[in-house]
Amino acid sequence: MSTDPRTEGWPAGTGRVILDEVDSTLDEAARRAPELTAPCWILAHVQTAARGRRGRSWAMPRGNFAATMVLPDPAPARHAALRSFVMALALYDTCVAVTGRHDAFTLKWPNDVLLNGGKLAGILLENPGGRLSIGVGVNLVEAPGGDEVEAGALRPVALASETGALVLPEEFLDTLAVTYAGWEARFVAEGFAPIRDAWLSQAARLGETLTAKLPREEITGVFETLDSDGQLILRTPQGQRAIAAGDIFFG
Amino acid sequence: MTENTHDADVAFVKALAELLRENDLTELSVTRDYGENNALSVTVSRHQPAAVSVPSPAPAALPAPQAGHAPAPAPSPANGSAPATSADPADHPGAVTSPMVGTVYLQPEPGASAFVKVGDTVDEGDTLLIVEAMKTMNQIPAPRAGKITRIVVADGDAVEYGAPLMIIE
């Protein structure tokens with residue numbers, strides 16, 4: 001385990017914890033949070049109880065990337081969710097940087113990174129109050145089989161098989177920490193507007209028809225934009241709908 | 001507002017009224033933000049027989065305005081203090097409101113037991129529920145200690161900024 005960031009270019013003042021195995025980096029972040037006074041990345045080579053949104057499992061073979069970024073002192077609760085887009089942009093830049101491929105990656109609302117149209121990475125944020133934990137999972141070497149995801153969900157893909165790039169989790173982290181620090185500084189200094197613009201410029205299916213599945217309803221409409229709170233704006237025959245949470249399916 | 005939006009608003013109010021009946025609620029308040037300075041605040045209440053009221057669009061920056069409460073039973077004027085049973089949970093002094101727009105989850109994850117139930121005593125800071133927005137799971141803490149006397153929202157509900165979630169007395 002290393003807690004001493006010696007990596008060249010690693011953002012000053014940010015912690016770096018590397019674990020071989022843990023239940024989930026989000027859970028580890030919750031345990032360590034009380035003693036953290038500065039931002040910290042926690043990476044694990046193996047997660048034994050990795051989790052996705054609302055109790056979904058997240059497959060995590062060795063070689064894939066799993067890390068959680070803890071911000072001990074995030075913006076007010078209402079703005080915490082905007083970090084979804086900040087991290088998505090950092091992840092996008094990291095994927096481009098480690099593969100040299102500028103045209104292969106896109107973003108799916110709110111924070112999935114797609115590679116050749118398949119799902120490469122996912123981000124889940126936990127805001128228990130007083131801190132924000134941003135969990136990031138990337139299929140560097142292996143993607144779950146198509147039968148392990150829900151019907152209608154995007155095909156899972158891995159970086160190695162799609163691009164030929166073999167990237168170690170710790171190398172990936174060193175780049176992601178730097179790109180995140182850059183976007184985070186921009187967010188703090190300039191607010192959500194530049195984050196929103198940058199996100200929209202890499203968005204998949206902008207102007208096309210999407211379906212958002214919410215607990216109570218399904219909304220199908222043309223993906224128009226993001227609003228100033230980061231909500232997905234769909235134009236439906238009944239008018240514009242703003243979506244804050246839901247699963248997005250491409251039509 | 002365009003004709004289209006108007007139709008959508010009418011459909012929205014009808015859907016709320018249906019929700020009210022189906023869940024045997026007496027009142028439901030919702031604010032929808034469409035964008036800058038363009039919001040719709042609706043309160044539908046049911047007081048034998050079901051009634052629906054629709055206020056005109058309100059500026060987004062304002063807190064949920066009091067929609068005209070349809071035929072409320074005339075309260076007894078005997079008690080001079082604040083009405084004991086305000087129809088709108090947002091008016092209740094013990095109301096805990098949503099700090100953000102999102103989807104409500106009453107359990108930490110599907111299949112788990114709820115964070116709290118009516119009758120529970122909570123300490124300040126205890127998690128009451130989760131509001132999900134942009135894949136961020138926001139745990140909403142109890143702003144003060146007390147007893148949960150009412151849970152206004154149901155699991156999976158979409159809530160707006162400032163919407164009442166629970167009453168703690």
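Below, all heavy atoms of this structure are taken into account, side chains as well, without hydrogens, waters or symmetry copies. Every chain is numbered from 1, with letters handed out A, B, ... down the list of sequences.
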Taking every non-hydrogen atom, the tightest pair across B:G102 and A:A244
CA-CB, 3.8 Å

Toward chain B, the part of A:L214 with a non-hydrogen atom under 4.5 Å
neither

Can you name the nearest heavy-atom pair linking A:D229 to B:M134, along with the distance?
O-CE, 2.9 Å

Heavy-atom distance under 4.5 Å between the side chains of A:R216 and B:D157, does that happen here?
yes

In this structure, CE of B:M137 is separated from CG of A:L125 (nearest 0.5 Å) by 9.5 Å

Tightest non-hydrogen contact, residues A:A81 and B:T136, listed as CA-OG1, 3.3 Å

Select one option (side chain, backbone, both, neither) describing which atoms of A:I134 are under 4.5 Å from chain B's heavy atoms.
neither

Distance check, rounded to the nearest 0.5 Å: B:E132 atom CD versus A:N127 atom CG?
12.5 Å

Counting only non-hydrogen atoms closer than 4.5 Å, does B:I140 touch chain A with its backbone (N, CA, C, O), its side chain (CB onward), both, or neither?
neither

